[in-house]
Amino acid sequence: MFSIRVQSDDFDIASEQKRLCEGRTDIGAVVTFTGLCRDEAGALTALELEHYPGMAEEEMTRVLEKARQRWPLDGATLIHRHGKIAPGGNIVLVVTASRHRKAAFAAAEFLMDYLKTHAPFWKKEHRKDGTSGGWVEAKHADDQALEKWSGA
Amino acid sequence: MFSIRVQSDDFDIASEQKRLCEGRTDIGAVVTFTGLCRDEAGALTALELEHYPGMAEEEMTRVLEKARQRWPLDGATLIHRHGKIAPGGNIVLVVTASRHRKAAFAAAEFLMDYLKTHAPFWKKEHRKDGTSGGWVEAKHADDQALEKWSGA
Amino acid sequence: MIKLVYFAWVRERIGRPEETVTLPADVKTVSDLIAWLKTRGEEYAYAFEQAPLIRAAIDKVHVKHDAAIADAREIAFFPPMTGG
Amino acid sequence: MIKLVYFAWVRERIGRPEETVTLPADVKTVSDLIAWLKTRGEEYAYAFEQAPLIRAAIDKVHVKHDAAIADAREIAFFPPMTGG
């Protein structure tokens, strides 16, 4: 089963993993990646995730299709939240299931690298002092991470 | 928090992830790997996991220590079950938490590659026809997977 | 008539999330469109001051600035993405 | 006196999970120990017929066959691991 979701509600990794694996005995490996709202300095009240409705879903579907063409996946789920998310809260979930652990790991990492750079979401900081900390800047490291997947 | 466990009881990935992250806002990325009892042919009643008590825990602790020396981890959990496990059941869990997704992914994959080849566990097949399918053979691919970590 | 949509600080600088415009006949590519928008006022000049950084999508698919607009119904402009 | 422990098919072939033995003075390494065990009966010869494949641990730490036994308290023999 392959699915993508864009939602403001939180998600539960155990239910999502169960949904992929329930009633199946052909899956040997499941990898999950959870991206969380980080606030090392303790200065944020929330990150606000803006997205491009419609394109977000379409792009996540395209990215998932790319991963399926590349690895023998038995199932995968992508969930990206939007709206205000407090420090420590869930932002994004990738779940990949495969017969083989290498495929599950590689596909999950690939999906995250592509989501970071291709899925139309933007983070804005809301600070405890009442000011807006502005828009989070894209990281060069995220673009570099993509290069790993450009060969082969 | 870093911990390892060897147990016959099942585990729950959501509780394990929560245990690592609860009350923290410095973790940006959590990766989980779940290894499941696979039975594509539908011929098994169970896999039986034998282990070397004492050494299993020690080796898992050593492997975790290696990962901590290599990546900036904020927490990690390793759980390996023993005893009979039915097809579709959980066998092993690795959870890694880090500020950075690359570290969480790499450490989880490294931990699995090391657990596969270093943790003293052995799988025996129990078949539906009442016979023992014998001991699962080690895969050359698992030894090869380790080579990836030998540089750097 | 084409729909333009803006996100994140591009939206904030322009001051609106979307608008519908009629393009001059000589606006053939995304680059042409950006150049034309910049003539429409300070807010556009500010939003596109570092034009090469701005990402574009035509009908919800990422495109480069040299992409032809052709029969596009919706063109989006936004900063590099920071989701995930 | 040293404790020997066996796992998986090594255990099954030898027919016991563990035993305590007194080693001859010339058994200095894991290889020596395997060679000595193979002289103790068919079940040992069978368990160690492909000796290079068998893994060993001294006091719960993986070792190679050329490792010195020295003051070991417990030596384990087992097939390549298949957990995870």
Side-chain angles (χ1 to χ4, degrees), chain A residues 11-18 20-44 46-47 74 86-102 104-106 108-113 115-116 139 141-142 144-145 148, chain B residues 11-18 20-44 47 74 86-102 104-113 115-116 139 141-142 144-145 148:
Chain A
F11 51 75
D12 176 67
I13 62 164
S15 330
E16 297 304 331
Q17 178 156 327
K18 195 173 170 192
L20 274 192
C21 299
E22 198 144 51
R24 298 184 67 161
T25 59
D26 56 339
I27 294 173
V30 183
V31 170
T32 73
F33 174 90
T34 309
L36 301 157
C37 175
R38 192 157 64 93
D39 175 32
E40 262 171 286
L44 298 184
L47 279 179
D74 294 310
N90 292 321
I91 296 176
V92 66
L93 176 68
V94 169
V95 189
T96 55
S98 177
R99 284 160 177 76
H100 305 294
R101 74 181 186 284
K102 289 290 160 189
F105 269 120
E109 196 170 355
F110 171 93
L111 285 165
M112 273 310 302
D113 286 347
L115 284 183
K116 279 262 174 192
K139 291 192 200 104
D142 288 330
Q144 283 180 312
K148 173 174 177 181
Chain B
F11 51 75
D12 175 67
I13 61 164
S15 329
E16 297 304 332
Q17 177 157 327
K18 194 172 170 189
L20 275 193
C21 300
E22 197 144 51
R24 298 184 67 161
T25 58
D26 56 339
I27 294 173
V30 182
V31 170
T32 73
F33 175 90
T34 309
L36 301 157
C37 176
R38 193 157 64 95
D39 175 31
E40 262 172 285
L44 299 183
L47 280 179
D74 295 309
N90 292 321
I91 295 175
V92 64
L93 177 68
V94 168
V95 189
T96 53
S98 177
R99 283 162 177 74
H100 304 293
R101 76 181 186 283
K102 290 288 160 192
F105 270 119
E109 196 169 357
F110 170 93
L111 286 164
M112 273 311 301
D113 286 348
L115 285 182
K116 281 261 173 192
K139 291 193 201 103
D142 288 331
Q144 283 181 312
K148 172 174 178 182

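Naming convention: chains lettered A, B, ... in sequence-line order (proteins, then strands); numbering from 1 in each chain.
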A:Ala104 to A:Ala29 - nearest heavy-atom pair and separation: CB-O, 4.0 Å
For each of B:Val31, B:Val30, B:Ile91, tally heavy-atom pairs with chain A at distances under 4.5 Å, and name the one with the top tally. B:Val30
A:Gln17 versus chain B, heavy atoms under 4.5 Å apart: side chain, backbone, both or neither? side chain
Report the distance from atom NZ of A:Lys148 to atom CZ of A:Phe110, rounding to the nearest 0.5 Å. 11.5 Å
Using non-hydrogen atoms only, which part of B:Ala141 is less than 4.5 Å away from chain A: side chain, backbone, both, or neither? neither
Sequence neighbours left out, what passes side chain to side chain contact (heavy atoms under 4.5 Å, CB included) with A:Ala86? Give chain and number order. none
Quick one: what part of A:Asp12 sits under 4.5 Å from any heavy atom of chain B, side chain, backbone, both or neither? side chain
Please assess A:Lys102 against B:Met112 for the test side chain to side chain contact (heavy atoms under 4.5 Å, CB included), listing each intermediate value before the final yes or no. CA-CA 10 Å; A:Lys102 289 290 160 189; B:Met112 273 311 301; over 6 Å; no
Please check this pair: side chain of B:Asp39 against backbone of B:Pro87, looking for a donor-acceptor N/O pair closer than 3.5 Å. no
Between A:Arg101 and chain B, with a heavy-atom cut-off of 4.5 Å, which part of the residue counts as in contact: side chain, backbone, both or neither? both
Scored by heavy-atom pairs under 4.5 Å with chain B, the best of A:Val95, A:Leu44, A:Ile27, A:Thr32 is A:Thr32
Among residues at least two apart in sequence or on other chains, which ones pass salt bridge (charged side-chain N to carboxylate O under 4.0 Å, His left out) with B:Lys18? B:Glu22
Looking at B:Asp113, B:Thr34, B:Thr96, which one has more heavy-atom pairs under 4.5 Å with chain A than the rest? B:Thr34
Toward chain B, the part of A:Ala97 with a non-hydrogen atom under 4.5 Å: neither
Please rank B:Asp26, B:Val92, B:Ile13, B:Val94 by heavy-atom pairs under 4.5 Å with chain A and give me the top one. B:Ile13
About how many Å separate CG of B:Leu115 and CG of B:Asp142, when rounded to the nearest 0.5 Å? 11.0 Å
Who among B:Gly88, B:Gly28, B:Ala14 has the most heavy-atom pairs with chain A under 4.5 Å? B:Gly28
